[in-house]
Structures are given as structure tokens and as C-alpha cells.
Amino acid sequence: MSRRTVSSVLVTVLLVGLISAAAFLPVPYVTMSPGPTVNVFDEVEGDRVIQVEGADTYPTDGDLRLTTVSVTRPDSEISLVEALSAWFDGTRAVYPRDVIYPPQQTVEEVERESSVQMVSSQDTAIAVALRELGFDLPLRTEVLGVAEGSPADGKLEPRDYLLEVNGQTIEDVSQVSDAIQETGVGEPAEFVVRRDGDRRTVTVTAEAAPDDAERAVVGIEIGTGYDFPFDVSVNLDDNIGGPSAGLIFSLAVYDTLTPGSMTKGADVAGTGSIDGQGEVGPIGGIQQKVVAAADAGAELFLVPAANCAAALGANVGEDEIRLVRATTMHEAVESLETYAEDPDAELPSCEDR
């Protein structure tokens with residue numbers, strides 16, 4: 001074998017080795033795949049997902065499924081091979097990591113933000129359902145999240161209704177931050193909260209913010225909540241976060257509090273955030289959620305209007321699942337009631353967007 005031939009073989013072997021090694025190096029992307037669906041009329045470990053105390057509830061049947069996506073965790077990486085595999089899989093998607101996980105956020109911050117969004121989303125969904133039933137709901141300032149290891153950890157809890165801070169009556173969100181700043185770093189702040197119907201006084205010692213030694217923080221996320229006439233809660237796995245189940249939560253609460261079954265035995269799935277006016281907002285991973293719903297046996301999928309174009313491109317059979325456009329919670333209720341009476345009835349369609 002000539003020297004040139006030997007050199008060519010060595011170069012080829014090295015090149016193949018380098019390509020093989022590169023194929024398994026991490027790349028700055030994440031994958032999104034169809035996740036599990038959850039029937040919100042079911043029970044989780046013996047308890048119903050939608051729980052109501054202090055008001056009449058009514059049995060229902062059929063399935064009303066919230067849908068999820070499985071996303072590469074913020075503390076995990078994928079290889080080029082994994083990224084390419086997802087790229088060529090019609091049921092999965094590949095996104096730049098920075099689009100899903102902002103580089104300035106830590107893993108803990110990403111998870112806390114998701115948890116806060118879920119708390120806020122659930123409260124708003126409950127409020128929309130109750131307003132659809134005619135209830136008037138006063139606004140209130142409440143704790144949406146508590147940072148692990150912070151001064152407030154173990155003392156304040158999500159959904160604590162903030163009544164006073166250091167003797168000052170709380171009427172809006174900004175007052176809480178102002179009161180904590182007036183307390184100062186290293187000083188105790190006295191919170192009066194309502195939790196589970198009871199008035200409680202909690203003392204939390206403020207600490208310095210990580211980025212500003214002069215700014216006092218206690219490690220809580222504050223937002224606007226609602227003063228509900230009775231207790232409504234959602235019993236779900238803590239791993240399910242974010243705001244995208246808002247529409248389904250709202251429909252489930254509405255159906256639980258009204259006689260009869262809104263779906264009348266049908267298997268329905270959907271997604272969409274929801275705001276205080278009942279408007280359904282867009283979410284991520286719509287194609288993966290449609291696939292997840294179809295795989296679970298759902299007959300109909302409620303799609304946020306802004307996601308309709310993408311939903312039509314989901315990798316499902318033409319007649320496998322019906323995509324129904326949802327602009328508001330009220331429109332979704334009407335669509336489900338119409339569908340329950342006549343599955344062939346004309347409904348708002350993504351194809352008519």
C-alpha cells in the first residue's frame with residue numbers, strides 16, 4: 001500500500017471519527033414532543049381534579065382533557081443526533097434553546113415562573129367560569145409563588161390573601177413592594193394574610209436582593225387574584241405548569257357547577273390560556289398537543305384562534321380529530337353543548353379562520 005493510500009485511509013478514519021464524535025456533542029436546541037393528557041373529570045390518587053367546597057356540584061361524564069408537551073428540561077442537553085431525529089419526526093419539533101429558556105434565567109427561576117403561571121392561570125380560569133355563571137368577584141392581592149430557600153419559604157404560601165404589611169392595609173400589588181422596601185434589609189416585616197378562611201399574622205425578615213444590596217426582598221411573587229364566594233381548587237401533578245390549561249380548567253369548573261354534562265359522554269381535548277375577560281390566548285406546542293389528544297382518543301380539540309393555522313399542520317389523519325376554533329370561553333361552552341347534541345353540527349372551524 002502506497003504512502004498516499006495510507007494517508008488517505010488515516011484521514012478518512014479521522015474524519016469519520018470526528019463526525020461521529022460531533023454527532024453526540026450537545027447542541028443549543030431543545031425538542032418538543034406530544035406529552036400526556038389529563039382528563040380533568042378524573043380522580044388523582046383518590047381525589048377529583050376539580051374540587052369544590054361550599055357549593056352544589058353535579059356529576060358529569062365523558063372526558064375533558066388538558067394536553068401537555070414534553071420539552072427537554074432546562075438542565076438537560078440534546079445531541080445533534082437527537083435534534084435531527086426530532087426534526088425528521090412529524091410529531092415532534094426542534095427549537096433554539098434560547099427561545100424556550102431565556103439564557104439569563106436559572107433552572108430554578110424557570111421552574112418557579114412556570115409554577116407562578118399555573119397558579120395565576122388556575123385562579124383566572126375559576127374566575128371566568130364563575131362569572132359565566134353570574135357571580136361578581138372582587139379583586140384581591142395575593143401571593144402567587146414563594147422562592148425555595150427565601151425568607152418567606154415555609155411562612156407564606158401561594159394564594160395567601162394579603163391584608164396588611166407592617167400595619168398598612170393592602171389594596172393593590174405595588175403597596176406590597178413599597179412596604180417591604182420601607183422595612184429595609186435585615187428587618188422583620190409583619191404580614192397579615194387570610195389563608196383557608198383564617199386570618200394569620202406572619203413575620204418575615206427581609207434580605208438583600210442578589211443584584212442590589214440596598215433592595216429588600218422576601219422571595220415572593222405577588223399578583224392580582226379573586227375573592228371567590230366558595231372554595232374551588234385544582235388537584236394536579238406539580239410537574240404540570242404554565243398557563244396553557246386555562247381554558248380547560250374554566251370549562252371543567254363550569255361543567256362541575258351546572259346540572260347535566262356539557263360533553264354528554266364525548267371525549268374532548270383542548271388547550272389555550274385565558275384572561276380575566278374570558279378571551280382564549282395562544283400557546284406553544286400546538287401541533288404536539290393535537291397529536292397527543294388524537295393518540296388519547298379525543299374526538300374534538302378546542303384550538304385557540306391564533307393557533308389555528310399551525311394546528312392544521314399537525315401530523316394526524318384528516319378525519320382523526322376535529323379541530324374547533326375557540327375565541328372565548330363562552331364560545332367554547334356553546335360549541336361543546338352544540339357538539340353534544342349533534343356531533344355533525346356546524347361549529348367554529350380552524351379552516352374558517
Looking at Tyr29, I'd like to know if its OH atom is crowded, meaning that more than 12 non-hydrogen atoms belonging to other residues, nucleotides or ligands lie closer than 6.0 Å.
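12 or below, so no.
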Heavy atoms from other residues, nucleotides or ligands near CD of Glu148 exceed 12 (cutoff 6.0 Å):
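Open: at most 12 neighbouring heavy atoms sit under 6.0 Å from CD of Glu148.
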Taking the side chain from [X] and the backbone from [Y], do they hold a donor-acceptor pair closer than 3.5 Å?
X	Y	value
Thr256	Ala252	yes
Asn307	Pro304	no
Ser177	Val173	no
Arg322	Asp344	no
Glu299	Asp267	yes
Thr67	Gly270	yes
Gln181	Asp178	no
Asp212	Glu214	yes
Glu187	Thr183	no
Asp63	Val268	no

Provide the full list of salt bridge (Lys or Arg N to Asp or Glu O under 4.0 Å) pairs with a residue in residues 114-134, sequence neighbours left out, each pair given once.
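Counting only pairs at least two positions apart or across chains, the salt bridge (Lys or Arg N to Asp or Glu O under 4.0 Å) contacts touching residues 114-134 are Asp123-Arg159.
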First locate atom CD of Glu164, then atom OG1 of Thr201, and finally report the distance between them rounded to the nearest 0.5 Å.
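Answer for the CD-OG1 pair, Glu164 versus Thr201, is 8.0 Å.
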Once rounded to the nearest 0.5 Å, what's the spacing between atom CD of Glu190 and atom CG of Asn166?
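So the CD of Glu190 and the CG of Asn166 are separated by 7.0 Å.
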Please report the C-alpha distance between Leu347 and Leu300 in whole Å, then the side-chain angles of each, then the deciding distance to 0.1 Å, and finally whether the side-chain contact (heavy atoms from CB on, under 4.5 Å) criterion is met.
CA-CA 11 Å; Leu347 300 172; Leu300 179 148; 4.0 Å; yes
Could you check Val69, Thr72, Ile100 and say which one makes a side chain to side chain contact (heavy atoms under 4.5 Å, CB included) with Thr31?
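The side chain to side chain contact (heavy atoms under 4.5 Å, CB included) with Thr31 is passed solely by Thr72 among Val69, Thr72, Ile100.
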Do you reckon [X] sits in the same ILVMFWY cluster as [Y], going by side-chain contacts under 4.5 Å, direct or chained?
X	Y	result
Ile180	Val217	no
Leu144	Val176	no
Val202	Ile222	yes
Tyr339	Tyr254	yes
Met329	Phe228	yes

Compute whether any side-chain donor of one residue and acceptor of the other, for [X] and [Y], lie under 3.5 angstrom apart.
X	Y	answer
Thr91	Asn315	no
Thr327	Glu331	yes
Thr263	Asp61	no
Thr203	Lys155	no

With side-chain contact (heavy atoms from CB on, under 4.5 Å) as the criterion, how do Val333 and Leu336 come out once you've worked through the C-alpha distance, each side chain's angles and the decisive distance to 0.1 Å?
CA-CA 5 Å; Val333 169; Leu336 291 184; over 6 Å; no
Answer yes or no: is there a side-chain heavy-atom contact under 4.5 Å between [X] and [Y]?
X	Y	answer
Val253	Leu257	yes
Ile248	Arg65	no
Ile220	Asp160	no
Val146	Ser150	yes

I'd like to know whether Lys289 forms a side-chain hydrogen bond (donor to acceptor under 3.5 Å, both in side chains) with Ser244, so could you lay out the CA-CA distance, the side-chain angles of the two residues, the decisive distance to 0.1 Å, and finally the verdict.
CA-CA 11 Å; Lys289 290 183 176 182; Ser244 66; 2.9 Å; yes
Assess the residue pair Arg92 and Met32 against the criterion (side-chain contact (heavy atoms from CB on, under 4.5 Å)); give the C-alpha distance rounded to whole Å, side-chain angles, the decisive distance to 0.1 Å, and a yes or no.
CA-CA 6 Å; Arg92 303 168 69 194; Met32 189 175 288; over 6 Å; no
Apply side-chain contact (heavy atoms from CB on, under 4.5 Å) to Ile286 and Val303, showing your working.
CA-CA 8 Å; Ile286 186 64; Val303 183; 4.2 Å; yes
Apart from Leu163 itself, which Ile, Leu, Val, Met, Phe, Trp or Tyr residues share its cluster (side-chain heavy atoms under 4.5 Å, direct or through members)?
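Under the 4.5 Å side-chain rule, Leu163 groups with Tyr161, Val192.
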Could you go step by step and tell me if Arg325 and Glu351 meet the salt bridge (Lys or Arg N to Asp or Glu O under 4.0 Å) rule?
CA-CA 9 Å; Arg325 186 181 70 248; Glu351 295 179 348; over 6 Å; no
How would you list all residue pairs meeting side chain to side chain donor-acceptor pair (under 3.5 Å) that involve residues 222-232, not counting sequence neighbours?
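Of all non-adjacent pairs touching residues 222-232, none passes side chain to side chain donor-acceptor pair (under 3.5 Å).
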